[in-house]
There are 2 protein chains.
Amino acid sequence: MARLTSAEGEVLLDEFRRYLRDHGQPVTRPRDRVARVVLRSDEHLSVEQIHQQLVQQGEAVGLATIYRTLELLEKSGLVRAHDFGQGFRRFEPNPGQGSHYHLICLRCGRVEEFQHERLERMLPIIADEHGYEAERHRLELYGTCRDCRRRAFG
Amino acid sequence: MARLTSAEGEVLLDEFRRYLRDHGQPVTRPRDRVARVVLRSDEHLSVEQIHQQLVQQGEAVGLATIYRTLELLEKSGLVRAHDFGQGFRRFEPNPGQGSHYHLICLRCGRVEEFQHERLERMLPIIADEHGYEAERHRLELYGTCRDCRRRAFG
DNA sequence: TTCCCTGCAAAGCATTTGCATCAAA
DNA sequence: TTTGATGCAAATGCTTTGCAGGGAA
């Protein structure tokens with residue numbers, strides 16, 4: 001599911017630094033570390049996973065700071081939060097203008113992404129038909145992934 | 001957004017009673033009251049709203065029992081839970097086989113439903129294309145409803 | 001020195017669980 | 001008497017907030 005190269009993550013990290021500066025917020029080491037982990041990741045990380053990665057890097061950051069930095073990252077538009085009904089949120093780098101959707105395996109919890117241009121064109125039209133001015137949307141398909149089916153049946 | 005007539009709610013309530021009996025579970029008054037509120041509603045109720053309605057009816061039921069009854073209602077397939085990112089879940093009578101989708105107004109929080117046959121046919125196919133055996137899906141469109149736009153602009 | 005970010009600990013919330021009580025068979 | 005549903009209160013888990021301490025300008 002590799003979406004971001006390390007170089008792309010670096011670009012996003014720079015954008016975050018710029019966002020902070022433009023908003024009179026200092027670019028601190030803990031913020032930078034949290035942002036780096038999230039923006040470089042090609043997965044949907046939970047706060048716990050972010051924290052663990054930082055600990056492993058010897059760059060432990062308090063949970064409160066992780067949450068506060070994620071709030072900044074969301075406000076900057078560089079990160080999006082998701083709730084896949086697992087009791088906690090997951091965070092991923094925002095893919096910019098193009099939307100993408102999620103496939104969630106109900107057996108192993110894996111989360112994959114896919115894009116779908118036709119859907120993306122349809123959804124704002126559907127919203128409009130119902131009197132809504134669309135702002136964003138969310139589509140999740142829940143099921144059993146190939147690996148889990150293989151594991152179960154053969 | 002009226003979807004259920006009171007009579008339809010009554011049918012669902014009977015189905016729930018039958019489900020309980022078939023599963024060796026007693027049909028008690030608190031369960032019946034909770035089920036009645038949810039199954040008769042044409043809205044997406046929060047636990048707090050369910051509780052309030054019961055209090056107003058002079059039929060107060062403990063929160064724990066409400067949660068436990070909702071679990072039974074979900075297992076019976078008669079009720080579905082949703083998390084619209086508001087920090088708590090909402091519950092609605094399950095519309096049976098046909099899926100429906102949600103429009104959520106980001107200003108006033110109103111939740112509307114819509115159906116879309118073409119989408120409904122597309123989604124399992126998309127899941128299949130990615131190796132997933134689709135079980136269920138969720139589509140939510142977030143935006144500004146007609147009323148809120150009118151309110152904002154004149 | 002001043003400002004405010006950080007991190008610990010405590011608080012908040014929705015939800016779940018433990019347990020004594022009580023109703024029904 | 002036995003079973004197990006109920007409801008209070010406590011516990012849980014994620015997230016937010018309060019506040020003392022510390023680093024940077």
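So you know, we letter chains A, B, ... as the sequences are listed, proteins then strands, and number each from 1. Side-chain atoms are counted along with the backbone in the values below, which use heavy atoms only and exclude waters and symmetry mates.
Out of C:dC5, D:dA5, D:dT16, the shortest distance to the side chain of B:T28 is found at D:dA5. For A:A64, the side-chain atoms get nearest to C:dC8 when compared with the rest of C:dC8, D:dT15, C:dT15. Taking every side-chain heavy atom of A:R31 into account, C:dT6 is the closest of C:dT6, C:dC8, C:dT15.
Taking atom CZ of B:R21 as the reference point, atom P of C:dA25 lies 14 Å away to the nearest angstrom. Atom CD of A:E71 and atom P of D:dT16 are 7 Å apart (whole Å). Remark: C1' of C:dA25 and CD of B:Q25 are 16 Å apart, rounded to the nearest angstrom. Spacing between atom CD of B:Q52 and atom C1' of C:dA14 amounts to 15 Å, rounded to whole angstrom units. For the pair B:H51 NE2 and D:dG7 P, the computed distance is 9 Å after rounding to whole Å. We find that CD of A:E74 is positioned 14 Å from C1' of D:dT16, with the value rounded to whole Å. For the pair B:I66 CD1 and C:dC13 C1', the interatomic distance rounds to 16 Å; values are reported in whole Å. Rounding to whole angstrom units, CZ of residue B:R33 and P of D:dT6 are separated by 13 Å.
Within the 4.0 angstrom heavy-atom criterion, only backbone atoms of the sugar-phosphate kind lie near A:F88; the bases stay farther away. Residue contacts for A:T65: at a heavy-atom cut-off of 4.0 Å it reaches a base atom on one of the strands shown. Residue A:E48 is classed as having no contact, given no heavy-atom separation below 4.0 Å to the nucleic acid. Within 4.0 Å (heavy atoms only), B:R89 reaches sugar-phosphate atoms of the nucleic acid but no base atom.
Residue-to-nucleotide contacts include no donor-acceptor pair under 3.5 Å from the side chain of A:R29 to the base of D:dG23.
Classified by interplanar angle (parallel below 30°, tilted 30° to 60°, perpendicular above 60°), the ring pair A:Y101/A:H137 is parallel.
Regarding contacts with the backbone of D:dT16, every side-chain N or O of A:Y67 stays at 4.0 angstrom or more from both OP1 and OP2.
There is a side-chain donor-acceptor pair under 3.5 Å between A:H44 and A:E92.
Judged by closest nucleotide on DNA chain C, A:R68 is the one of A:R68 and B:F91 placed further toward the 5' end.
Interatomic distance, CD of A:Q52 versus CD of A:E48, reported as 5.0 Å (0.5 Å rounding).
Enclosure of atom CD in A:E117 is not indicated, since only 12 or fewer non-hydrogen atoms of other residues, nucleotides or ligands lie within 6.0 angstrom.
Between A:H82 and A:F84, the ring centre distance stays below 6.0 Å.
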